[in-house]
Q: 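Have a look at this one before I ask anything.
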Amino acid sequence: MQGPAKRTLANAPEYGLHTVWMYSATEYPFSDRNIRYNFYNYLTRTWHWIEPDFISSGVNIFTEYAGFGNLQTDPNSGRAVIVAHISSGGSIRPVLVRDYEPGAGIFEFCLGPVGYLWPVLAVGETGWAHIAMMEDSTRESTFYSRVVVWCRWDDQMLMSYSGDPSFNIAASPASNKVIVSWVKIAPLLIHFIIAYQPMVEHPGLTRLRLNHHQPMAEIP
């Protein structure tokens, strides 16, 4: 799939390295597709799950058909925070996942809104989960949401009619700033938007202030 590379390896400085990858043990059409997780422990200098076939090392995160996972580290706990989309019962939706403790492989799940896919995750200084994702029915619109209190997704905010899964998201490790970026196909312009979050417990999306939105550079 076209678009920017997503984070699949994240460092937890006092604990180890988290990693995820898309996995299937079967051939096309990969009916058992999942996201697999593993952890390298800095104390023991070993991976928590090891198989002779290294691509099989790790644990499946989901029980449903899943794909396109990426991860971040919670700066307050060192735990892995993961997002992917799942397909179940004829619908598709993003799912936010967090580990019980660094490297445990025991996951807690938070279902996102139905009808969105290809989610991308950012976790900043606050430990809040910020998610950019694409609406599924037309696959032309990029949306933003966040989870401040666990498993309480904010309403989705339309970012752009990008027409392509070119979007990405980043959160500052030293402030409360978030950036969502995307490529607009026609005309070919790079747009960006910066959102400043009020530092209160759960302000709600309507109180999110967007302070910048302009074309960055024309692509020849």
Side-chain angles (χ1 to χ4, degrees), residues 1-12 16-41 44-73 79-123 129 131-143 145 153 162-169 182-183 185:
M1 186 180 72
Q2 296 179 354
K6 311 304 190 297
R7 184 181 296 275
T8 57
L9 183 69
N11 182 36
L17 286 172
H18 305 283
T19 186
V20 295
W21 64 98
M22 196 151 55
Y23 174 82
S24 173
T26 63
E27 297 180 354
Y28 183 83
F30 314 117
S31 58
D32 64 336
R33 195 180 74 183
N34 211 306
I35 304 300
R36 190 154 277 209
Y37 168 81
N38 209 339
F39 179 77
Y40 181 80
N41 190 310
T44 63
R45 296 183 178 273
T46 59
W47 291 95
H48 279 197
W49 296 273
I50 291 292
E51 298 289 341
D53 179 3
F54 70 93
I55 199 67
S56 299
S57 299
V59 292
N60 283 342
I61 297 174
F62 299 97
T63 57
E64 302 90 348
Y65 184 77
F68 301 94
N70 52 100
L71 85 160
Q72 298 272 300
T73 298
R79 296 185 295 181
V81 184
I82 302 157
V83 75
H85 68 237
I86 64 169
S87 178
S88 179
S91 63
I92 194 165
R93 69 196 308 171
V95 182
L96 187 64
V97 181
R98 64 183 182 185
D99 206 353
Y100 177 72
E101 63 182 25
I106 303 170
F107 302 106
E108 184 177 5
F109 301 89
C110 178
L111 296 177
V114 172
Y116 297 87
L117 76 169
W118 299 322
V120 188
L121 175 67
V123 177
I131 301 98
M133 53 196 170
M134 180 159 276
E135 177 264 339
D136 181 41
S137 62
T138 63
R139 301 194 176 185
E140 292 182 349
S141 304
T142 301
F143 284 79
S145 184
W153 288 68
S162 59
D164 189 73
S166 60
F167 56 90
N168 211 340
I169 189 169
W182 62 89
V183 176
I185 293 179

Q: State, yes or no, whether a side-chain contact exists between His48 and Tyr40 at a heavy-atom distance under 4.5 Å.
A: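 Counting from C-beta outward, His48 and Tyr40 never come under 4.5 Å.
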Q: Under 30°, 30 to 60°, or over 60°: which ring-plane class applies to Tyr116 and Phe143, parallel, tilted or perpendicular?
A: perpendicular
Q: Looking at CH2 of Trp153 and CG of Leu111, how far apart are the two atoms once the value is rounded to the nearest 0.5 Å?
A: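 Atom-to-atom, Trp153:CH2 and Leu111:CG are 9.0 Å apart.
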Q: Is there a side-chain contact between Phe167 and Ile169 in this structure, where contact means two heavy atoms from C-beta onward sitting under 4.5 Å apart?
A: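 SC-SC contact between Phe167 and Ile169 ruled out.
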Q: Of the non-hydrogen atoms in Ala84 and Ile35, which two are nearest, and what is the gap between them?
A: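 Shortest heavy-atom separation between Ala84 and Ile35 comes out as CB-CG1, 4.0 Å.
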Q: Does Asp32 form a side chain to side chain donor-acceptor pair (under 3.5 Å) with Ser24? I'd like the steps, not just the answer.
A: CA-CA 6 Å; Asp32 64 336; Ser24 173; 2.4 Å; yes
Q: Decide side chain to side chain contact (heavy atoms under 4.5 Å, CB included) for Met133 and Val120; before the verdict, give the C-alpha distance in whole Å, the side-chain angles of both, and the deciding distance to 0.1 Å.
A: CA-CA 6 Å; Met133 53 196 170; Val120 188; over 6 Å; no
Q: Quick one, Tyr23 with Ser56, criterion side chain to side chain contact (heavy atoms under 4.5 Å, CB included). Give me CA distance, side-chain angles, the key distance, then yes/no.
A: CA-CA 8 Å; Tyr23 174 82; Ser56 299; 3.4 Å; yes
Q: How far does CG of Asp136 sit from CD1 of Ile92, to the nearest 0.5 angstrom?
A: 5.0 Å
Q: Side chain to side chain contact (heavy atoms under 4.5 Å, CB included) between Asn34 and Phe62: does it pass, once the steps are laid out?
A: CA-CA 6 Å; Asn34 211 306; Phe62 299 97; 3.6 Å; yes
Q: Roughly how far, to the nearest 0.5 Å, is CD of Glu140 from CE of Met134?
A: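 Nearest 0.5 Å value for the CE-CD distance: 8.0 Å.
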Q: Kindly compute the distance separating NZ (Lys6) from CG (Asn168), expressed to the nearest 0.5 Å.
A: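 Here the interatomic distance stands at 6.0 Å.
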Q: Can you check whether Thr19's main-chain N or O pairs, donor with acceptor, with Thr8's side chain at less than 3.5 Å?
A: no
Q: Arg33 versus Phe68: any side-chain heavy-atom pair under 4.5 Å?
A: yes
Q: Do Leu9 and Leu17 have side-chain heavy atoms sitting under 4.5 Å apart?
A: yes
Q: Could you grab the distance from atom CD1 of Ile106 to atom CG of Asp99, nearest 0.5 Å is fine?
A: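 Reported value, rounded in 0.5 Å steps: 7.5 Å.
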Q: Quick check: closest heavy atoms across Thr26 and Ser31, and the distance to 0.1 Å?
A: OG1-N, 3.7 Å
Q: Over 60° means perpendicular and under 30° means parallel, so classify the ring planes of Tyr37 and Phe39, tilted if in between.
A: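 If you compare the ring of Phe39 with that of Tyr37, the planes turn out parallel.
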Q: Take Glu108 and Tyr100 through the side chain to side chain contact (heavy atoms under 4.5 Å, CB included) test and state the conclusion after the steps.
A: CA-CA 7 Å; Glu108 184 177 5; Tyr100 177 72; over 6 Å; no
Q: Minimum heavy-atom separation for Ser91 and Val114, please, with both atom names.
A: CB-CG1, 3.8 Å
Q: Among residues at least two apart in sequence or on other chains, which ones pass side-chain hydrogen bond (donor to acceptor under 3.5 Å, both in side chains) with Arg79?
A: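 Per chain and number, Arg79 pairs via side-chain hydrogen bond (donor to acceptor under 3.5 Å, both in side chains) with Ser77.
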Q: Under a 3.5 Å threshold, yes or no: a donor from one side chain and an acceptor from the other, between Asn38 and Ser57?
A: no
Q: Do Leu121 and Ile82 touch side chain to side chain, with heavy atoms closer than 4.5 Å?
A: no
Q: Are any of the side-chain heavy atoms of Val83 and Asn70 separated by less than 4.5 Å?
A: yes
Q: Looking only at heavy atoms, which two atoms of Val123 and Ala129 are closest? And how far apart?
A: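 Answer, listing the atom of Val123 first, then Ala129: CG2-CA, 4.3 Å.
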